[in-house]
J.: 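Attaching a single structure in structure tokens format; questions to follow.
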Amino acid sequence: MTFIDFDPRYRFSLIHQQGNIRTVHGYYDKEIEASVKIKNILDTEDIENLEDVIELYKVDVNDLEEKHNTELENIDMHDVCSESQLIHKLVVDDNFLWKRFEVSKHDTK
């Protein structure tokens with residue numbers, strides 16, 4: 001059995017956008033923990049409209065803390081996501097179903 005190691009340099013955070021409301025969830029120590037949260041959202045939340053999006057970010061803790069000269073918990077979570085690597089994105093298609101959106105190299109940092 002393979003275990004996923006915890007790397008203290010990184011955390012994971014996600015944004016769930018429903019219409020014009022953006023809710024940030026995090027911080028998760030492992031990507032799998034954030035994925036469980038995403039599954040929970042998919043299982044329990046209704047799709048509001050075609051603009052609904054779920055984005056998962058890989059947060060480089062050391063880089064952000066150095067850049068902002070403070071601890072991660074003191075930085076606005078929306079700013080953390082905007083300055084982090086987008087690794088997964090789910091969007092709503094025309095049939096009001098969730099689908100994975102391919103993240104391009106331009107979307108990642």
Side-chain angles (χ1 to χ4, degrees):
M1 178 180 286
T2 303
F3 292 97
I4 301 172
D5 292 328
F6 165 68
D7 187 341
R9 295 176 297 173
Y10 300 104
R11 297 288 184 283
F12 296 88
S13 186
L14 62 99
I15 293 180
H16 179 207
Q17 180 172 325
Q18 291 179 284
N20 61 357
I21 298 171
R22 293 172 53 93
T23 305
V24 182
H25 303 273
Y27 297 103
Y28 302 95
D29 291 334
K30 299 177 183 175
E31 184 176 350
I32 190 71
E33 294 170 340
S35 297
V36 169
K37 177 63 179 177
I38 290 172
K39 182 176 181 338
N40 184 44
I41 290 170
L42 296 177
D43 288 346
T44 61
E45 300 283 335
D46 291 332
I47 295 172
E48 299 283 329
N49 58 50
L50 294 176
E51 284 76 41
D52 286 9
V53 176
I54 298 174
E55 298 170 327
L56 178 61
Y57 294 89
K58 184 175 183 178
V59 178
D60 184 327
V61 176
N62 296 337
D63 181 56
L64 284 173
E65 288 181 342
E66 184 178 306
K67 181 178 180 182
H68 289 269
N69 197 30
T70 189
E71 294 181 2
L72 182 66
E73 290 74 21
N74 296 328
I75 306 169
D76 181 271
M77 290 182 78
H78 287 93
D79 293 340
V80 167
C81 289
S82 70
E83 298 176 32
S84 297
Q85 179 185 3
L86 176 64
I87 57 174
H88 297 292
K89 184 173 184 176
L90 298 170
V91 297
V92 176
D93 67 14
D94 292 338
N95 296 316
F96 277 79
L97 299 172
W98 286 104
K99 69 177 183 176
R100 184 175 172 157
F101 180 83
E102 288 299 320
V103 177
S104 73
K105 292 180 182 177
H106 300 293
D107 293 331
T108 61
K109 293 189 179 207

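Just so we're clear, the structure is a prediction, and the values are computed from it rather than from any experiment.
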J.: Spell out, as yes or no, whether a donor-acceptor pair under 3.5 Å connects the side chain of Q17 to the backbone of G19.
T.: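 Flag set: sc Q17 to bb G19 pair under 3.5 Å.
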
J.: The criterion is side chain to side chain contact (heavy atoms under 4.5 Å, CB included); which residues satisfy it with L50, sequence neighbours excluded?
T.: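 In terms of side chain to side chain contact (heavy atoms under 4.5 Å, CB included), with neighbours along the sequence ignored, L50 is linked to V92, D94, F96.
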
J.: Keeping to residues at least two apart or across chains, list the salt bridge (charged side-chain N to carboxylate O under 4.0 Å, His left out) pairs with something in residues 35-50.
T.: K39-D43

J.: Would I54 end up clustered with V36 when hydrophobic side chains under 4.5 Å apart are linked, directly or stepwise?
T.: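 Hydrophobic grouping puts I54 apart from V36.
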
J.: Check for me, please, whether I15 and L72 land in the same ILVMFWY cluster - side-chain distances under 4.5 Å, paths through other members count.
T.: yes

J.: Applying side chain to side chain contact (heavy atoms under 4.5 Å, CB included), name anything that partners N49, two or more places apart in sequence or on another chain.
T.: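 With sequence neighbours excluded, N49 shows a side chain to side chain contact (heavy atoms under 4.5 Å, CB included) to E51, D52, given in chain and number order.
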
J.: Looking only at heavy atoms, what is the nearest atom pair of C81 and S13, with distance?
T.: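 Taking C81 first and S13 second, the nearest heavy atoms are SG-OG, 3.6 Å.
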
J.: Is there a chain of hydrophobic side chains (I, L, V, M, F, W, Y, each step under 4.5 Å between heavy atoms) that links Y28 to L42?
T.: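 They do share one cluster, since a chain of ILVMFWY contacts under 4.5 Å joins Y28 to L42.
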
J.: Could you pull out all residues at least two apart from E65 that satisfy side chain to side chain donor-acceptor pair (under 3.5 Å)?
T.: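 E65 satisfies side chain to side chain donor-acceptor pair (under 3.5 Å) with no other residue.
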
J.: List in chain and number order the residues that pass side chain to side chain contact (heavy atoms under 4.5 Å, CB included) with N69, two or more places apart in sequence or in another chain; answer none if no residue qualifies.
T.: none

J.: Could I get the full list of side chain to side chain donor-acceptor pair (under 3.5 Å) partners for E33, not counting sequence neighbours?
T.: none

J.: Can you list the residues that meet the side chain to side chain donor-acceptor pair (under 3.5 Å) rule with N95, with sequence neighbours excluded?
T.: none

J.: Can you tell me how far apart CG (D60) and OH (Y10) are? Round to the nearest 0.5 Å.
T.: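 D60 CG to Y10 OH: 5.0 Å, rounded to 0.5 Å.
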
J.: Work out which heavy atom in L90 is nearest to a heavy atom in R100; give both atom names and the distance.
T.: CD2-CA, 3.7 Å

J.: Looking at every heavy atom in both I75 and Y27, which two are closest together, and how far apart are they?
T.: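 So the minimum-distance heavy-atom pair works out to O-OH, 4.1 Å.
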
J.: Sequence neighbours left out, what passes side chain to side chain contact (heavy atoms under 4.5 Å, CB included) with K99? Give chain and number order.
T.: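 Counting only residues at least two positions away or on another chain, K99 forms a side chain to side chain contact (heavy atoms under 4.5 Å, CB included) with V91, D93.
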
J.: Please enumerate all residues that pass salt bridge (Lys or Arg N to Asp or Glu O under 4.0 Å) together with R9, with sequence neighbours excluded.
T.: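 In terms of salt bridge (Lys or Arg N to Asp or Glu O under 4.0 Å), with neighbours along the sequence ignored, R9 is linked to D7.
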
J.: To the closest 0.5 Å, what do you measure between CG (L56) and NE2 (H25)?
T.: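 Answer rounded to 0.5 Å: 11.5 Å.
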
J.: Taking side chain to side chain donor-acceptor pair (under 3.5 Å) as the test, write out the residues that go with H68, two or more places apart.
T.: E83

J.: Distance from K67 atom NZ to N62 atom CG, nearest 0.5 Å?
T.: 14.5 Å

J.: Taking all heavy atoms of F12 and all of K30, pick out the closest pair and write down the distance.
T.: CD1-C, 3.5 Å

J.: Enumerate the residue pairs fulfilling salt bridge (charged side-chain N to carboxylate O under 4.0 Å, His left out) with a member in residues 17-28, sequence neighbours excluded, ordered by first and then second residue.
T.: none

J.: Rounded to the nearest 0.5 Å, how far does NZ of K89 lie from OH of Y57?
T.: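 So the gap between those two atoms works out to 7.0 Å.
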
J.: Can you measure from CD (Q18) to CD1 (I47) and round to the nearest 0.5 angstrom?
T.: 9.5 Å

J.: Using the salt bridge (charged side-chain N to carboxylate O under 4.0 Å, His left out) rule, collect all pairs that involve residues 70-80, keeping only residues at least two apart or in two chains.
T.: none

J.: Compare all side-chain heavy atoms of V80 with those of V24 and state whether any distance is below 4.5 angstrom.
T.: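 No, every pair of side-chain atoms sits at 4.5 Å or beyond.
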
